[in-house]
Amino acid sequence: MTAKTKDGKEIFSDSKIFMPQSPAYGRGDKMAYGPFRKSGMIADTSLQPGQTKVENFEIKFPYEDVEKDGKKTREVKAKEMDVTVKLWYLPAGGDHKKGAVGKDQYLFYEGTKTVTVK
């Protein structure tokens with residue numbers, strides 16, 4: 001996810017990885033807890049089919065503190081920004097920074113919205 005001002009200056013960038021997480025209760029090749037107990041402790045942060053996933057990002061508009069009539073005020077420098085979201089699929093075991101687009105990475109969704117301050 002990337003946020004840019006209308007003049008093209010990037011003001012925010014973040015990424016999230018969605019994947020299943022295995023439990024971390026084993027000790028090497030020995031099992032500390034039985035599998036019946038581990039199955040309830042798995043955190044699933046993957047994208048499930050047919051379900052909507054909502055993520056919130058807090059982005060601060062660029063501002064500048066100025067002094068007017070002896071009082072300090074905060075003035076927003078850019079009142080509009082374009083927010084672009086890209087959803088990529090990378091096969092398991094792949095490095096998300098490497099790989100050829102179309103071979104190791106697949107773009108599922110890309111969308112841009114304009115956000116304004118009134």
Side-chain angles (χ1 to χ4, degrees):
M1 203 272 307
T2 306
K4 294 182 180 182
T5 58
K6 288 295 183 180
D7 61 352
K9 181 181 175 190
E10 185 177 302
I11 56 175
F12 184 82
S13 181
D14 196 8
S15 64
K16 293 201 177 214
I17 298 173
F18 299 100
M19 61 185 283
Q21 298 175 1
S22 60
Y25 290 102
R27 294 181 299 194
D29 59 347
K30 295 181 181 179
M31 188 177 290
Y33 296 105
F36 65 92
R37 192 154 178 203
K38 285 184 173 183
S39 64
M41 297 180 189
I42 296 175
D44 190 11
T45 60
S46 62
L47 297 174
Q48 298 296 323
Q51 293 183 355
T52 303
K53 183 83 171 175
V54 177
E55 290 292 327
N56 294 317
F57 295 92
E58 292 186 18
I59 304 171
K60 293 182 179 181
F61 280 83
Y63 64 87
E64 183 178 3
D65 291 329
V66 294
E67 192 170 324
K68 289 184 181 178
D69 302 327
K71 295 181 183 179
K72 288 187 177 183
T73 59
R74 185 162 285 174
E75 191 174 284
V76 179
K77 294 167 87 176
K79 298 199 184 245
E80 286 188 344
M81 74 171 80
D82 293 327
V83 178
T84 304
V85 175
K86 292 182 182 180
L87 180 62
W88 290 88
Y89 171 74
L90 294 110
D95 183 5
H96 72 280
K97 300 222 183 268
K98 296 180 182 175
V101 174
K103 180 181 175 195
D104 300 325
Q105 303 178 20
Y106 304 98
L107 182 63
F108 276 165
Y109 172 80
E110 181 176 3
T112 302
K113 286 191 176 184
T114 300
V115 181
T116 61
V117 174
K118 294 183 180 183

So, taking the atom named [atom1] in [X] and the one named [atom2] in [Y], what distance separates them when rounded to the nearest 0.5 Å?
{"X": "T116", "Y": "K79", "atom1": "OG1", "atom2": "NZ", "value": "10.0 Å"}
{"X": "R74", "Y": "D65", "atom1": "CZ", "atom2": "CG", "value": "4.5 Å"}
{"X": "E80", "Y": "K118", "atom1": "CD", "atom2": "NZ", "value": "10.0 Å"}
{"X": "K4", "Y": "I11", "atom1": "NZ", "atom2": "CD1", "value": "11.0 Å"}
{"X": "K77", "Y": "Y63", "atom1": "NZ", "atom2": "OH", "value": "10.5 Å"}

Establish whether V117 and V66 are linked, either directly or via other cluster members, by ILVMFWY side-chain heavy-atom contacts under 4.5 Å.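 Per the 4.5 Å side-chain linkage, V117 and V66 are not co-clustered.
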Give the ring-plane orientation class for Y89 versus F108, where under 30° counts as parallel, over 60° as perpendicular and anything between as tilted. parallel
Residues two or more places apart in sequence or in another chain: which of them pass salt bridge (Lys or Arg N to Asp or Glu O under 4.0 Å) with [X]?
{"X": "D82", "result": "K6"}
{"X": "K71", "result": "none"}
{"X": "K16", "result": "E55"}

Contact check, side chains of V85 and M1, non-hydrogen atoms, under 4.5 Å: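 Counting from C-beta outward, V85 and M1 do come under 4.5 Å.
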Any side-chain heavy atom of F61 within less than 4.5 Å of one from V115? yes
More than 12 heavy atoms of other groups within 6.0 Å of D69 CG: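 No, because the 6.0 Å sphere around CG of D69 holds 12 heavy atoms or fewer from other groups.
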